[in-house]
Protein chains: 2
Amino acid sequence: MSLTVVVEVVTQESIQEQYRLLQDIFVLLDDGDRNDLAEFGITTSQFRVLMLLNTVQGIRLATLADRLLLARSTITRIVDQLEQDRLTKRLDDPADRRAQHVVLTELGAQLRQQAQVAHLRSLERRLSTLAPGEMNTLNDLLRKLRHSLGQDLSARTGR
Amino acid sequence: MSLTVVVEVVTQESIQEQYRLLQDIFVLLDDGDRNDLAEFGITTSQFRVLMLLNTVQGIRLATLADRLLLARSTITRIVDQLEQDRLTKRLDDPADRRAQHVVLTELGAQLRQQAQVAHLRSLERRLSTLAPGEMNTLNDLLRKLRHSLGQDLSARTGR
DNA sequence: ACGCAACAATTCCGCAAGCAAGTATTCTCG
DNA sequence: CGAGAATACTTGCTTGCGGAATTGTTGCGT
């Protein structure tokens with residue numbers, strides 16, 4: 001019986017530590033990202049949108065919202081900002097007059113390329129501690145984690 | 001030469017995937033947290049502050065800001081809210097009249113306890129996929145990651 | 001055909017968080 | 001000692017994001 005208790009306590013502590021670790025890591029990641037992207041004049045959200053605009057045919061606003069787990073109104077504003085900076089354009093969907101496709105402009109494609117390279121360099125530097133094998137292990141576990149959390153989300157909202 | 005190129009490409013992809021995974025996990029975690037904590041009438045930021053108020057002697061506002069990597073003005077407002085809800089009190093620091101210590105009220109301690117238990121239950125459910133061994137491995141790797149990111153932060157700001 | 005639910009995007013409102021400036025206090029060191 | 005730098009907190013302003021309501025469009029059931 002006492003064994004059970006001990007095991008449970010240990011697990012609870014592991015879970016809480018994991019939670020704190022993930023929190024800390026996110027905050028640190030985000031802080032560095034903001035720092036990196038500031039010199040390109042874009043926010044992390046804008047960057048994440050730009051990174052999804054890799055095709056010429058564009059992507060719908062609703063799809064962006066789903067992919068980034070942001071509210072649609074938020075996507076509207078972010079795309080407004082990008083458009084104001086001449087980085088993207090809205091094109092009407094030929095098949096659905098409700099929908100619009102966001103596409104990169106020439107300028108947007110250039111900036112996206114530069115920002116992506118700089119961001120990647122920064123990530124390589126900041127995550128340099130992990131050996132290749134560790135990185136793969138970590139990614140495997142993170143995938144499981146994401147899947148588990150995704151399951152829970154759809155259980156909460158999708159029913 | 002081609003080997004070098006291949007290895008580098010693979011590593012870059014791993015890093016980018018890791019970045020996306022962490023992004024996704026954070027968003028999912030935060031979404032669930034907000035859902036859990038809503039029934040206690042507190043936000044995730046307020047919760048994170050409450051979780052640091054475990055001692056009777058309290059903690060300084062500036063320390064909270066440093067621990068949570070939030071601006072001091074943000075901490076001021078969060079503590080204002082908690083105080084308005086009678087969950088915390090500000091006590092003057094006897095040794096430094098500039099500083100104040102935030103302490104839990106009786107009500108705050110109760111709510112903190114309840115919220116913590118509920119949150120932990122939720123985490124156990126949401127992270128149930130990982131086996132104990134995997135969890136330990138993951139935490140080890142996350143610790144390395146946090147350390148590496150922390151190093152970079154102090155290299156950026158602390159000099 | 002047509003009415004109605006579902007969907008795409010936007011607008012409006014409110015809250016959360018950062019930055020910069022301001023006040024009060026403490027520290028440093030010449 | 002005492003002037004200036006540093007520190008602790010607060011306030012005003014700006015921006016980013018979510019949620020509800022709105023407008024216009026599509027698709028489904030009958």
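A, B, ... follow the sequence lines: proteins, then strands. Residue 1 opens every chain.
- Toward the 5' end of DNA chain D, the nearer of the two residues Arg34(B) and Arg60(B), judged by each one's closest nucleotide, is Arg60(B).
- With hydrogens and angles ignored, the 3.5 Å screen pairs a side-chain donor or acceptor of Arg112(A) with a backbone N or O of Leu50(A).
- Taking 4.0 Å as the cut-off between side-chain N and carboxylate O, Asp93(B) and Arg60(B) count as a salt-bridged pair.
- Shown for residues 86-105 of chain B: residues whose heavy atoms fall under 4.0 angstrom of DNA chain C, namely Asp96(B), Arg97(B), Arg98(B).
- Residue Leu61(A) contributes atom CG, which lies 15 Å from atom C1' of dT25(D) at whole-angstrom precision.
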Tabulate below the donor-acceptor pairs under 3.5 Å that side-chain atoms of residues 137-146 of chain A make, not counting sequence neighbours, or state none.
{"residue": "Thr137(A)", "atom": "OG1", "partner": "Gly133(A)", "partner atom": "O", "Å": "3.0"}
{"residue": "Asn139(A)", "atom": "OD1", "partner": "Gln18(B)", "partner atom": "NE2", "Å": "2.9"}
{"residue": "Asn139(A)", "atom": "ND2", "partner": "Ser14(B)", "partner atom": "O", "Å": "3.2"}
{"residue": "Asp140(A)", "atom": "OD1", "partner": "Arg143(A)", "partner atom": "NH2", "Å": "2.4"}
{"residue": "Arg143(A)", "atom": "NH1", "partner": "Glu17(B)", "partner atom": "OE1", "Å": "3.2"}
{"residue": "Arg143(A)", "atom": "NH1", "partner": "Glu17(B)", "partner atom": "OE2", "Å": "2.2"}
{"residue": "Lys144(A)", "atom": "NZ", "partner": "Glu134(B)", "partner atom": "OE2", "Å": "2.5"}
{"residue": "Arg146(A)", "atom": "NH1", "partner": "Asp24(B)", "partner atom": "OD2", "Å": "2.8"}

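- Whole-Å rounding puts the Phe26(B) CZ to dC17(D) C1' distance at 13 Å.
- Between the CZ atom of Arg72(A) and the P atom of dT22(D) there is a distance of 18 Å, rounded to whole Å.
- A nucleotide of DNA chain C counts as in contact with chain B when one of its atoms lies under 4.0 Å from a heavy atom; the first and last such, 5' to 3', are dA16(C) to dT26(C).
- Counting only residues at least two apart or on different chains, the ring pair (Phe, Tyr, Trp, His ring centres under 6.0 Å) pairs with a member in residues 39-71 of chain B are Phe47(B)-His119(B).
- With hydrogens and angles disregarded, no donor-acceptor distance shorter than 3.5 Å links the side chain of Thr88(A) to the backbone of Leu104(A).
- Rounding to the nearest 0.5 angstrom, the gap separating the CG atom in Leu64(A) from the CD1 atom in Ile78(A) is 9.0 Å.
- With Asp96(B) contributing its side chain and Arg98(B) its backbone, the two residues share a donor-acceptor pair below 3.5 Å.
- Along DNA chain D, the nucleotide nearest Ile59(B) and the nucleotide nearest Leu69(A) are compared for position; the residue whose nucleotide lies closer to the 5' end is Ile59(B).
- Contact check on Asp33(A) versus Arg126(A) returns a salt bridge, with a Lys/Arg side-chain nitrogen under 4.0 Å from an Asp/Glu carboxylate oxygen.
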Applying salt bridge (Lys or Arg N to Asp or Glu O under 4.0 Å), run through Asp152(B) and Arg125(A) and close with a yes or a no.
-> CA-CA 8 Å; Asp152(B) 183 74; Arg125(A) 178 172 44 79; 2.2 Å; yes
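- Near DNA chain C, meaning a heavy atom under 4.0 Å away, the residues from residues 73-85 of chain B are Ser73(B), Thr74(B), Arg77(B), Ile78(B), Gln81(B).
- Under the side chain to side chain donor-acceptor pair (under 3.5 Å) criterion, the residue pairs touching residues 75-87 of chain B are Gln46(B)-Gln81(B), Asp80(B)-Arg90(B), Glu83(B)-Arg90(B), with sequence neighbours excluded.
- In this structure, CD in Gln100(B) is found 14.0 Å from CD1 in Ile59(B), a value given to the nearest 0.5 Å.
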